[in-house]
Amino acid sequence: MCCFSRPVDSVSDTSIFARAAGKGWQYLVYSMNFQAAEDLAMILPIPTKAQLGEEAVKFISLEDYSDFFVDMKAGFPKPPPPRGKGGGFVLGSIDEKKKLKVVEVGAFEASFVPTVNDFDRLDERFRLKSETWDALPKYKTYGFAVFKLKKDDRKVHPMAFQFASAIGWRLFFPTVHIHDGKVHRDANFDHELYCQLNDVDARRARSWTESSQPAGMFLDQQKLGTLIDPDEHCYQRLLKGKMRNIDVML
């Protein structure tokens, strides 16, 4: 899910990368273009292990690799054309509870909100109204990665973190849209999903497009560390147009 704490004028070119990090953890990288008239937060609900509290997420800075998804896309060259054809969730006072940790992650300030009931520990500008979550009961067991964005930002470097996943071996992609504080059954998608899977799990991505080379041939591992496996291929799935407004799991 991609939701915003304030109205946005437009959101486009969303890219998401997912990979298992081992021992029940998952990597997630998220990027998009947006336009907004005021400062706001992007909120990503994720299925985290509740017993870990605020320790269920570890943020990763990709400030030095703003072209991560540009390079990722290079691993999926388009085939040549055929011959002969032209080419505020508010509960009480914010001072009544301990404020959530705020960490600097490259150009962002980020926080992890362990449960819906912890949103009152955030600045009011970066919350969603309670009725939004009432319409999405499944997310009451989720945690929330919150990235604070400035109104004059248009293209921001990718947001990255790893989280202790509550859904086992499956990869989670937050793709549900909430751009106006309301939950709509269908939404317009402009998403590119990417992932890495080991040889045993690769059969789950049979409907996805496989990269032409291993990830180390088109991504800079020195800037990514263990976020990618340089010896494994990547997989791509495009979500374009009006679709059912749901998250993707693989």
Side-chain angles (χ1 to χ4, degrees), residues 1-19 26-38 40-48 57 69 88-89 112-119 122 125-149 153-156 158-161 163 165-168 170-195 204-209 235-250:
M1 172 193 286
C2 169
C3 25
F4 293 89
S5 63
R6 291 291 185 269
V8 289
D9 297 324
S10 67
V11 181
S12 62
D13 296 331
T14 299
S15 297
I16 307 172
F17 170 78
R19 175 176 172 257
Q26 179 190 314
Y27 289 116
L28 190 74
V29 185
Y30 196 103
S31 179
M32 81 282 180
N33 292 336
F34 77 98
Q35 292 186 353
E38 57 183 322
L40 72 166
M42 187 189 74
I43 303 166
L44 294 177
I46 46 178
T48 52
V57 162
F69 282 110
F89 189 40
F112 175 63
V113 182
T115 71
V116 166
N117 292 332
D118 289 304
F119 267 101
L122 277 183
R125 294 172 299 162
F126 306 124
R127 313 175 201 169
L128 281 172
K129 294 179 180 179
S130 59
E131 51 262 34
T132 301
W133 301 121
D134 290 341
L136 293 162
K138 67 171 282 188
Y139 295 108
K140 290 186 177 180
T141 62
Y142 278 40
F144 305 82
V146 178
F147 294 86
K148 299 176 183 179
L149 309 175
D153 286 342
R154 293 294 180 266
K155 176 68 175 179
V156 294
M159 294 159 269
F161 55 91
F163 66 94
S165 177
I167 59 172
R170 301 190 73 182
L171 293 180
F172 177 79
F173 298 82
T175 52
V176 167
H177 298 45
I178 301 179
H179 295 171
D180 55 4
K182 299 177 183 178
V183 182
H184 300 281
R185 179 185 180 277
D186 299 306
N188 289 316
F189 280 74
D190 185 17
H191 287 52
E192 296 179 1
L193 307 185
Y194 298 93
C195 70
R204 305 198 326 251
R206 277 180 289 198
S207 63
W208 295 47
T209 301
Y235 297 85
Q236 178 195 62
R237 179 183 176 188
L238 303 181
L239 301 179
K240 304 289 183 180
K242 194 164 188 176
M243 299 181 179
R244 187 72 180 269
N245 195 15
I246 57 175
D247 292 317
V248 172
M249 284 187 280
L250 177 65

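Atom-to-atom distance recorded for L193:CG and L171:CG is 11.0 Å, nearest 0.5 angstrom. Between F144 atom CZ and T115 atom OG1 the span is 7.5 Å, to the nearest 0.5 Å. Note: K240 NZ to N188 CG = 12.0 Å, rounded to the nearest 0.5 Å. We find the CG-CZ distance between L250 and R170 to be 7.5 Å, quoted to the nearest 0.5 Å. Note that CG of L40 and NZ of K148 are 12.0 Å apart. Values are rounded to the nearest 0.5 Å. For the atom pair OG1 (T14) and CG (N33), the distance works out to 8.0 Å, reported to the nearest 0.5 Å.
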> How far apart are the C-alpha atoms of E192 and F69, what are their side-chain angles, what is the distance that settles it, and do they pass the side chain to side chain contact (heavy atoms under 4.5 Å, CB included) test?
Replying inline: CA-CA 9 Å; E192 296 179 1; F69 282 110; over 6 Å; no

> When you look at V248 and L239, which way does the side chain to side chain contact (heavy atoms under 4.5 Å, CB included) test go after all the steps?
Replying inline: CA-CA 10 Å; V248 172; L239 301 179; 4.1 Å; yes

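The closest donor-acceptor contact from the side chain of D247 to the backbone of P174 lies at 3.5 Å or more, if one exists at all. In this structure a side-chain-to-backbone donor-acceptor pair under 3.5 Å is present from D190 to D13.
F172 pairs in a side-chain contact (heavy atoms from CB on, under 4.5 Å) with only one of the listed residues (S165, P47, P45), which is P47. When each of Y30, F17, W208 is tested with F173 by the rule ring-ring contact (aromatic ring centres under 6.0 Å, His included), just one qualifies, namely W208.
Nearest heavy atoms, I246 versus F189: O-CZ, 4.3 Å. Pairing each heavy atom of T48 with each of A166, the nearest pair is O-CB, 3.5 Å. Among all heavy-atom pairs drawn from A18 and Q26, the shortest one is CB-NE2, 3.6 Å. Closest of all the heavy-atom pairs between M159 and M42 is SD-CE, 3.5 Å.
Taking the six-membered ring for Trp and the full ring otherwise, the centers of F112 and F163 sit at least 6.0 Å from each other.
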